[in-house]
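In what follows, chains carry the letters A, B, and so on, assigned in the order in which the sequence lines appear, proteins first and then strands, with residues in each chain numbered from 1.
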Protein chains: 2
Amino acid sequence: MVGVRQPRHPDLGEITLMEVMGALSDPIRVGLVRVLADGRERGWSELRAPVAKSTLSHHLRVLRDAGITRTRQEGTRCYVQLRRRDLDARLPGLLNAVFLAADSDNLGAQVSLAEDPSTT
Amino acid sequence: MVGVRQPRHPDLGEITLMEVMGALSDPIRVGLVRVLADGRERGWSELRAPVAKSTLSHHLRVLRDAGITRTRQEGTRCYVQLRRRDLDARLPGLLNAVFLAADSDNLGAQVSLAEDPSTT
DNA sequence: TACGTTGTTCGATATTTGACGAACATCGAA
DNA sequence: TTCGATGTTCGTCAAATATCGAACAACGTA
C-alpha cells in the first residue's frame, strides 16, 4: 500500500477471539464491517466515516490485525475485503450474531459507501 | 450488596452490542462468564481469579453494567448469575459463538470456581 | 524528472481501562 | 454494641485507545 508495503495479515490460526471482540467493540469498526458484509472488495476511498483519514487508517489496521479484513494494494490504491470464510472457520457464528444485532440496531450507521465509486 | 445497595441492572432493551462486545474482550471477564455458563448462580466468594478483589469487583461490575450478569445480595454475600435468556433474546447467537470459541481455545482459564463452596 | 494522489506513520492529546491497596459501608454474630 | 466478614468505592498509576494534523513514502503520470 501507500507508505509501507505488505501489511501483516494474521493467518487463520492466529486469529483470536479476544482480539476480534476488541476490534468489534467500536461502532466505527462495526460500521466498516457491515459495509463489507456482502463480501465484495471495496476501495479504501469508497469508505465514508466521520473521522480523519489517519483515524480511518487506524481503524482499518485494527480490523486487519485482528484478522477481520484483508487489504490488498494495487498501484496507489488499496482494497479491503471481509475475511468471512476465515472468521467463520475460526469463530463460528460470531460474525452472524454481530451482523444480526448490528443490523437490528442499525449500529455503525455513521459509516457508508460513497454512492459513486468514482467519488474516489 | 456490601458497600452500596441496589446495583443497576440494565433491562433487556438497554443491553447494547457495543457494550457487550467490550465487556467480552477481556480474558478475565470471559473466564467469569464461562464459569457461569451452566446458568447456576454462584457466590462471589466462589470465584477464583488472579486479580485483587477490588479488580474482581470491577470486572463483575463491567459485566453487570453490560447486562451480562445479574447480581443478587443476600445478607453480607453476593451471588452472580449469567443473564443468558436476556442475552439470547437481545443478541441471538452471540453468547453461543463466544462460548464455542472460548472453549476451544480454553480462553479465560485463569478463572475458576473454588472446589469447595465453603472455601468462601 | 517533478507532481499529484493515496494511504500510512508520527507525534501529541485526551479518554478509557486494568490493576492495586486502603478506606469504607453493611450485615450478622459474639 | 463491638467485631469480623464481605464487597464496593476511592485515589493513584500505567498502559492502551481514539483522534487529529502534519510529515512521509510509494506510484502513476505529465
Please report, rounded to the nearest Å, how far the [atom2] atom of [N] is from the [atom1] atom of [X].
X: A:R72; N: D:dA26; atom1: CZ; atom2: C1'; answer: 17 Å
X: B:R61; N: C:dG18; atom1: CZ; atom2: P; answer: 12 Å
X: B:M18; N: C:dT17; atom1: CE; atom2: P; answer: 12 Å
X: A:Y79; N: C:dT8; atom1: OH; atom2: P; answer: 13 Å
X: A:L60; N: C:dT9; atom1: CG; atom2: C1'; answer: 15 Å
X: B:E74; N: C:dT26; atom1: CD; atom2: C1'; answer: 15 Å
X: B:R8; N: D:dT8; atom1: CZ; atom2: P; answer: 16 Å

Would you name the heavy atoms of B:E19 and B:D65 that are closest together and state the gap between them? OE2-O, 3.4 Å
Taking all non-hydrogen atoms of both residues, which atom of B:A37 and which atom of B:L82 are closest, and how far apart? CA-CD2, 4.1 Å
Can you find a heavy atom in the side chain of B:H58 that is under 4.5 Å from one in the side chain of B:V51? no
Student check: side-chain heavy atoms of B:I28 and B:P50 closer than 4.5 Å: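 Yes, side chains in contact.
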For the side chain of A:W44, counting heavy atoms from C-beta on, which of D:dT6, C:dG7, D:dT9 is nearest?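 Of all the options, the side chain of A:W44 is nearest to C:dG7.
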Taking the side chain of A:T76 as heavy atoms from C-beta outward, which of D:dA5, C:dT6, D:dT9 is closest to it?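 Nearest nucleotide to the side chain: C:dT6.
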What's the spacing between [X] [atom1] and [Y] [atom2] if we round to 0.5 Å?
X: B:R84; Y: B:L36; atom1: CZ; atom2: CG; answer: 11.0 Å
X: A:R42; Y: A:Q81; atom1: CZ; atom2: CD; answer: 10.5 Å
X: A:L94; Y: A:L17; atom1: CG; atom2: CG; answer: 6.5 Å

Decide, yes or no, whether a salt bridge links B:R34 with B:D103 under the criterion of side-chain N to carboxylate O below 4.0 Å. yes
Write down the protein N/O and nucleotide N/O pairs, taken from nucleotides 13-20 of chain D, whose separation is under 3.5 Å; answer none if there are no such pairs.
unit_1: D:dA18; atom_1: OP1; unit_2: A:R29; atom_2: NH1; d: 3.4
unit_1: D:dA18; atom_1: OP1; unit_2: A:R29; atom_2: NH2; d: 3.0
unit_1: D:dA18; atom_1: OP2; unit_2: A:R29; atom_2: NH1; d: 3.3
unit_1: D:dA18; atom_1: OP2; unit_2: A:H58; atom_2: NE2; d: 3.1
unit_1: D:dT19; atom_1: OP2; unit_2: A:H59; atom_2: NE2; d: 2.4
unit_1: D:dC20; atom_1: OP2; unit_2: A:A52; atom_2: N; d: 2.6
unit_1: D:dC20; atom_1: OP2; unit_2: A:T55; atom_2: OG1; d: 2.8

Atom CZ of B:R40: over 12 foreign heavy atoms under 6.0 Å: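 Counting neighbours around CZ of B:R40, 12 or fewer heavy atoms of other residues, nucleotides or ligands fall under 6.0 Å, so no.
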Measure the angle between the two terminal helix axes of the helix from C:dT1-D:dA30 to C:dA30-D:dT1, five base pairs each, and quote it to 10°. 0°
